[in-house]
Amino acid sequence: MMFQFENFSDFIYMAGHGQYVWTAYSVSLIIMAFIFVMPLFRKKNIIQKIIKKNH
Amino acid sequence: MNNIGFLAILRRDLLLAVRYRGDLANPLIFFFIVIALIPLGLTPDSKELSEIAPGMLWITALLASLLSLDGLFKDDFADGTLEQIIILPQPLYFMVLAKTIVHWVVTGLPLSLLAPVLGLMLSLPETGYLPLMLSLLIGTAILSLIGSVGAALTLPLNKEGILLSLIVIPFYMPVLIFGSNMVVLAVDGLSIASPLAIMGALLALSLLISPYVTSCALRLSIYG
Amino acid sequence: MPDPKNILMNQASVKTLSLKDLSFQRNEKFLFSNISLTLESGDILQILGQNGSGKTTLLRLISTALRPYSGEIIWQGKNVNDIRESYLEDVLFLGHQPGLKRLLSAEENLVWWRRLNKTNLSKNVNAFEEVGLYNHKDEPCNYLSVGQLKRAALARLYVSEAKLWILDEPFTSIDKEFSIKLKSLIVSHLKRGGIVVLATHQDLKIENMKYFSISDLSGATSE
Amino acid sequence: MASPRWFYQISGRWLPWLSLLTFVSIIIGVIWGLGFAPQDAKQGNSFRIIYIHVPASFLALVGYYIMAISGAIAIIWKIKLADVVMKSAAPIGASLTFIALLTGAVWGKPTWGTYWIWDARITSMLILFFLYLGVIVLQKAYSAQGLSNKAAALLALVGTINIPIIYKSVDWWYTLHQPATIKFTEAPSMHPDMFQPLLIMIIGFYLFYVTALIVSMRAEIIFRERNTSWVKELALNLKDKRPI
């Protein structure tokens, strides 16, 4: 179990398939991060609204 | 005891449908128009048309049946009879079944009987006519049953046009697959036993489950 | 002097309807909670409250059209969900809407309704004469005015054998003369041992009438 | 006991650890899958997309059943928490299905030359996405909040009956028209070096699903109980800690 690519640029290029692999990974991870973070913001501004309401 | 409600609703709705034949024709007209579009959009060449005829006939019949679905409970809901039906002593299951059967008789049945004529227009080979009618007869019954669930769920929403189709179409897909495939097999001269058996199973399943789910949905959404 | 009401009926046929801490929630808020009351044959309950306070909802709960959030409705000592069929045979519910198919005539609507509900076919009273619609009974309902539609719906009261009447604003859009007739019909129903639960703003002045008001503090009952 | 408030407090304590665990497992899985797993003999490096595609489609399906079951519990036993679970599970499931579709399409380009191929697995995933869409749109359609969840829960329940039928009929349909081709998203019998990172990623995705669900449930609970006393009190002492 060792690193499959000679160097970093080969790792990015991935014998031609790099663009597909990286787009798939990055878009998916961005969407997952978005799902995780969005409720936090939602909760934050509900709490802010509550604070403003009975300030 | 149970069938009083069933027969009463069946008779009443059939009477209404027959007395006001106007909207009986809508699904048929839709069917005609869309089938007439296909050669214009694709090709007048009869060989190519017969390739796609089963699929197009089935898709158009499916959409025609979907078109008239939202009226299933709509007018009963509007004039307050649905409220009365829900608190009748007889079980709601049979009354919903009666309404679904009337919807099938009004849309599915005429579509199936008319389909071979339109098959002619799409140069569907003769061997396909009877299987097309058979598959549509069973298929539109399943479509009406499943569709009644969607109609009940979107009952109180007045701008629900696309929502009803979005809810119902995923459930229509297996019926479309087996229905149109039955005609394709028949056209190729193969036996249509297996898709026919599966269609029968789908019919039995939806006959059992859909009216029950629809009556739950009605109780839920009547005061939306 | 014993209450005349009880003399008329032997104990066997006394019907009882009781609500046990009934509550209902709409949009996470309690419209009303733990309402408890009991009605017997010959009782009439008027539900008061501004519009939208839940009067209609309470009537729909009693008629099992709506399921309560908690609590139960008991008819003849048994929960209505267990005896749904026999309970609903004894119920007549008239809602805001007349509940008539507009494309059918008033006569057809009543004939259809009678087939589904326990109605006294032998009674030769002509319901449409009583409600003054005799010469309109064969036209499709969409030719009738709102008042006539209401009376066509009220025609059911004349033929129904149901013991429990649940009426939602029965007196709206009907004229003075007919509302007197309706009131006397209700009184005779009570005398025959029936129970009436109705929501109306009219002051009916029927003796020993019970009131129940749904104010914003839920469950306040005033006897 | 299973009141939303109780859940909020319990989840508050466990959330940091859970999200840390999720983050770590996904990072390990990604690095392992991208850098250290061997490439596939036929498909070369594009095969690495499997480490996102398979867990996502797996969770998309499991997520639908979680949503439907919690919806059923909410209708039958009227448990508020189950209703919150259903409301939060729908968008997460839909996004995971979208990820599965996206990665499947991107994967199709190097392997099949086009972004969209009507492969059995991809088509069933697309229909599953429509099912999710139907539930979400129905949830938002009713004005009365409680009602829309019940209707959506009923639809989700009926959907669970439909999913096996859809998968079977799409398979049947696919093998009918292209009998010979292999279903490329089927994970071929994999070399252990390839399989271990996949296992890590599946665990990582499970953890992610649970944490994302908890986070979105907490927001939903705060929203639903916004005018209760415990939420107000919580909001006020949050204010003292970091003045806004």
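Protein chains get the first letters and strands the later ones, always in sequence-line order, with residue 1 at the start of each.
- Residues A/Lys43 and D/Tyr8 come closest through the heavy atom pair NZ-OH, 3.0 Å.
- With a threshold of 4.5 angstrom between heavy atoms, A/Phe11 approaches chain D through side-chain atoms but not through N, CA, C or O.
- For A/Thr23, the part sitting under 4.5 Å from any heavy atom of chain D is the side chain, from C-beta outward, and nothing else.
- Note that the OG1 atom of D/Thr111 and the OH atom of A/Tyr20 stand 9.5 Å from one another [nearest 0.5 Å].
- Closest approach of A/Ile51 to D/Ala235, counting heavy atoms only: CD1-O, 3.6 Å.
- Using a 4.5 Å cut-off between heavy atoms, D/Ala37 contacts chain A through its backbone alone, with no side-chain atom that close.
- Applying the 6.0 Å contact sphere to CZ of D/Phe36 captures more than 12 heavy atoms from other residues, nucleotides or ligands.
- In the displayed structure, D/Trp14 atom CH2 is contacted under 6.0 Å by at most 12 heavy atoms of other residues, nucleotides or ligands.
- Atom-to-atom distance recorded for D/Phe223:CZ and A/Ile47:CD1 is 13.5 Å, nearest 0.5 angstrom.
- Heavy atoms of D/Ile222 lying under 4.5 Å from chain A belong to its backbone as well as its side chain.
- Between D/Glu220 and A/Arg42 there is a salt bridge, with a side-chain nitrogen of the basic residue lying less than 4.0 Å from a carboxylate oxygen of the acidic one.
- Contacts between D/Tyr115 and chain A at a heavy-atom distance below 4.5 Å involve the side chain alone, from C-beta outward.
- Taking NE2 from A/His17 and CZ from D/Arg48, the interatomic distance works out to 11.0 Å, rounded to the nearest 0.5 Å.
- In this structure, the portion of D/Phe98 lying under 4.5 Å from any heavy atom of chain A is its side chain and not its backbone.
- For the atom pair OG1 of D/Thr22 and CZ of A/Phe36, the computed distance is 6.5 Å after rounding to the nearest 0.5 Å.
- Note on D/Leu236, D/Ile221, D/Val30, D/Leu234: by heavy-atom pairs under 4.5 Å with chain A, the leading option is D/Val30.
- In plain terms, the two heavy atoms of A/Val21 and D/Ser46 that are nearest each other are CG2-CA, 3.8 Å.
- Residues of residues 209-219 of chain D that come closer than 4.5 Å to chain A, counting heavy atoms only, are D/Thr211, D/Ala212, D/Val215, D/Ser216, D/Arg218, D/Ala219, ordered by residue number.
- Contact annotation for A/Ile50: only side-chain heavy atoms (C-beta onward) come within less than 4.5 Å of a heavy atom of chain D.
- Between D/Ile99 atom CD1 and A/Ile31 atom CD1 the span is 4.5 Å, to the nearest 0.5 Å.
- Between A/Met32 and D/Phe205, the closest side-chain pair of non-hydrogen atoms falls below 4.5 Å.
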